[in-house]
Enquirer: 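The structure is given below, and queries will be raised subsequently.
Because the structure is a prediction, the values reported are computed rather than measured.
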Amino acid sequence: EVATIPHGDSLNYTFRRLEVNEVQEVICRNVETLIRKKVLSPYRLLGLSYLVAIDGTGVLTFRERHCPHCLTKTLQSGQTIYYHPVLEAKLVTANGFAFSLMTEFIENSDLSADKQDCELKAFYRLSKRLKARFPRLPICLLLDGLYAGGPTFQVCNHYDWKYLVVLREDDLPQLHRSFATVIPHLPDQQKQVALAEVNSQKRAERVVQAYRWAEGLRYSDRQKRVHSLNLIECQEIRTDTQGRVTNLRYKWITNFSLTARNVDRLANQGGRLRWKIENEGFNVQKNSDLNLEHPY
């Protein structure tokens, strides 16, 4: 029911005159308004921290060079593709929202550099901008296994941020060994939770979660810095309506203090919500009418 809209050329002319940081500020102010009006307060983790998931995603791919800042990748066929990914920080909520908060472009800005730009380098730039724009916002970062390393822990501690980082089986073997060593001596740091979850067919599945956790695990990074880390392990048994059983295991690294009262909340209302950036975030932006991957 819109009578008229601007011509595409008019839009293009206007956008070319805008500074990128001005467009970014519009996004930041939108979320800031929701925070100030306490719309998002009920979805803070443990009533304290806003959940900010950070992840990279591909946007544009070309068979020929699009611009001097393209990243390049050579396929097994020998073909070189040129692409533009971005790193996004989204404020996510348990009821299914993913609000874009800040964007960092991953691109080769220094054309004389030996190595290409990457997601981790972009993370350090994004973190600095995020802290400068929201200096007092209590944040808990939700991160995948790519970020399980000393520099990430250093950034979060420096900015006084909480974090829940996925720990994959092939990441930080030193930390896995420390956990396996100490956990038999911590019989009181175990908890079992029974849940009922509704699957995609609107049927309830029985879910039993067994938690184990340890605090103060020492980890030395490549710069020989020693970090004291807390680790949550969740072994999950799912039984569907046909009686089929699925066994899953998850681990998260965190700097939250862990207790029997909060460990399952940190996992289910925190660490597990990292997927919101993929599903309610990137999937909606790319596969709905927003059509994020179209170069327009």
Side-chain angles (χ1 to χ4, degrees), residues 42-53 92-94 138-145 147-150 152-198 204-221 225-240 245-276:
Y43 307 106
R44 292 178 295 176
L45 183 60
L46 304 182
L48 300 172
S49 304
Y50 291 94
L51 296 170
V52 176
V92 298
T93 66
I139 286 176
C140 173
L141 294 187
L142 307 181
L143 304 169
D144 66 19
Y147 299 92
T152 298
F153 307 142
Q154 192 81 4
V155 165
C156 291
N157 291 332
H158 177 68
Y159 290 148
D160 197 27
W161 290 342
K162 296 297 185 182
Y163 58 82
L164 283 156
V165 183
V166 173
L167 181 63
R168 300 175 298 201
E169 290 301 321
D170 55 347
D171 288 334
L172 309 189
Q174 174 190 153
L175 195 60
H176 284 288
R177 289 194 296 269
S178 296
F179 182 74
T181 300
V182 304
I183 202 64
H185 306 286
L186 302 172
D188 294 334
Q189 294 182 197
Q190 300 183 29
K191 180 180 183 179
Q192 185 164 300
V193 178
L195 306 171
E197 293 190 1
V198 178
E205 296 181 336
R206 185 172 181 269
V207 180
V208 177
Q209 297 176 329
Y211 288 95
R212 302 190 298 177
W213 64 93
E215 296 185 299
L217 300 177
R218 290 171 63 85
Y219 164 70
S220 299
D221 61 24
R225 293 175 300 204
V226 178
H227 305 268
S228 179
L229 306 174
N230 304 333
L231 197 152
I232 303 171
E233 179 190 70
C234 173
Q235 293 187 339
E236 184 174 277
I237 300 175
R238 287 178 169 268
T239 306
D240 66 15
V245 176
T246 304
N247 291 284
L248 303 167
R249 183 166 70 167
Y250 308 95
K251 285 182 179 178
W252 294 276
I253 307 167
T254 185
N255 56 352
F256 277 101
S257 297
L258 303 178
T259 67
R261 296 183 61 185
N262 71 10
V263 67
D264 56 314
R265 293 171 64 190
L266 289 172
N268 293 322
Q269 300 173 22
R272 299 286 285 273
L273 297 192
R274 196 198 69 79
W275 284 105
K276 297 292 181 184

Enquirer: Distance only, no hydrogens: is a donor on one side chain within 3.5 Å (strictly under) of an acceptor on the other, for Asn268 and Gln209?
Expert: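 Short answer, yes.
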
Enquirer: Would you find a donor on one side and an acceptor on the other, under 3.5 Å apart, between the side chain of Gln174 and the backbone of Ser220?
Expert: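 Pair found, side chain donor or acceptor close to backbone of Ser220.
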
Enquirer: Which pair of heavy atoms, one from Val263 and one from Lys191, lies closest together, and at what distance?
Expert: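 So the minimum-distance heavy-atom pair works out to CG1-CD, 4.1 Å.
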
Enquirer: Within the distance-only criterion (no hydrogens, no angle test), does the side chain of Asn262 pair as donor or acceptor with the backbone N or O of Ser257 below 3.5 angstrom?
Expert: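 Checking the backbone N and O of Ser257 against the side chain of Asn262, a donor-acceptor pair under 3.5 Å is found.
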
Enquirer: Counting distance only, does the side-chain N/O of Thr152 pair as donor-acceptor with the main-chain N or O of Ala148 below 3.5 Å?
Expert: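 It does not hold such a pair.
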
Enquirer: Is there a side-chain contact between Ile253 and Phe153, using heavy atoms and a 4.5 Å cut-off?
Expert: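 The answer is yes; the side chains approach within 4.5 Å.
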
Enquirer: Might you point out which heavy atoms bring Leu175 and Tyr219 nearest each other, and give the distance in Å?
Expert: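 Distance-wise, the nearest heavy atoms are CD1-CB, 4.4 Å.
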
Enquirer: What pair of heavy atoms forms the shortest contact from Leu266 to Leu164, and how long is it?
Expert: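 Closest approach of Leu266 to Leu164: O-CD1, 3.5 Å.
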
Enquirer: Is Asp171 reaching over with its side chain to a backbone N or O of Leu167, donor-acceptor style, under 3.5 angstrom?
Expert: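 Here the side-chain-to-backbone pair does not exist.
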
Enquirer: Working note: Val52 + Trp161, criterion side chain to side chain contact (heavy atoms under 4.5 Å, CB included); need CA distance, chi angles, decisive distance, verdict.
Expert: CA-CA 10 Å; Val52 176; Trp161 290 342; over 6 Å; no

Enquirer: Measure the CD-CD distance between Gln190 and Glu233 for me, rounded to the nearest 0.5 Å.
Expert: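 So the gap between those two atoms works out to 9.5 Å.
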
Enquirer: Is there a donor-acceptor pair closer than 3.5 Å between any side-chain N or O of Asp264 and the backbone N or O of Cys234?
Expert: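 A pair under 3.5 Å: no.
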
Enquirer: First locate atom OG1 of Thr246, then atom CZ of Arg238, and finally report the distance between them rounded to the nearest 0.5 Å.
Expert: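 So the OG1 of Thr246 and the CZ of Arg238 are separated by 8.0 Å.
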
Enquirer: Say whether, by atom type as modelled, one donor and one acceptor occur between the side chain of Asn230 and the main chain of Gly216 under 3.5 angstrom.
Expert: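 A pair under 3.5 Å: yes.
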
Enquirer: Compare all side-chain heavy atoms of Ser228 with those of Val226 and state whether any distance is below 4.5 angstrom.
Expert: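 Not in contact.
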
Enquirer: Looking at Arg218, I'd like to know if its CZ atom is crowded, meaning that more than 12 non-hydrogen atoms belonging to other residues, nucleotides or ligands lie closer than 6.0 Å.
Expert: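 Counting other residues, nucleotides and ligands, CZ of Arg218 stays at 12 neighbours or fewer.
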
Enquirer: For atom CZ of Arg272, decide whether the heavy atoms of other residues, nucleotides or ligands shown that lie under 6.0 angstrom number more than 12.
Expert: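 Yes - once you tally the heavy atoms of other residues, nucleotides and ligands closer than 6.0 Å, there are more than 12.
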
Enquirer: Does Phe179 form a side chain to side chain contact (heavy atoms under 4.5 Å, CB included) with Lys251? I'd like the steps, not just the answer.
Expert: CA-CA 11 Å; Phe179 182 74; Lys251 285 182 179 178; 4.2 Å; yes

Enquirer: Work out which heavy atom in Leu141 is nearest to a heavy atom in Cys156; give both atom names and the distance.
Expert: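 Heavy atoms of Leu141 and Cys156 come nearest at CD1-SG, 3.8 Å.
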
Enquirer: If every non-hydrogen atom of Cys140 is compared with every non-hydrogen atom of Leu45, which pair is closest and at what distance?
Expert: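 Looks like SG-CD2, 4.1 Å.
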
Enquirer: If I take atom CH2 from residue Trp252 and atom CZ from residue Arg274, how far apart are they, to the nearest 0.5 angstrom?
Expert: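 Between Trp252 CH2 and Arg274 CZ, I get 11.0 Å after rounding to 0.5 Å.
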
Enquirer: So which heavy atom on Leu273 is nearest to which on Thr93, and how close?
Expert: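 So the two residues come closest at CD1-C, 4.2 Å.
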
Enquirer: Has Asp160 got more than 12 heavy atoms of other residues, nucleotides or ligands less than 6.0 Å from its CG?
Expert: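 Check fails, neighbour count at 12 or below.
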
Enquirer: Is the side chain of His227 donor-acceptor paired with the backbone N or O of Leu217 at a distance under 3.5 Å, no angle test?
Expert: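 No, the answer is negative, given that no donor and acceptor are paired below the 3.5 Å cut-off.
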
Enquirer: Determine whether Tyr163 and Asn157 satisfy the following criterion, side chain to side chain contact (heavy atoms under 4.5 Å, CB included), listing intermediate values before the conclusion.
Expert: CA-CA 9 Å; Tyr163 58 82; Asn157 291 332; 4.2 Å; yes

Enquirer: Going through the distances and angles, do Asn247 and Gln235 end up as a side chain to side chain contact (heavy atoms under 4.5 Å, CB included)?
Expert: CA-CA 7 Å; Asn247 291 284; Gln235 293 187 339; over 6 Å; no

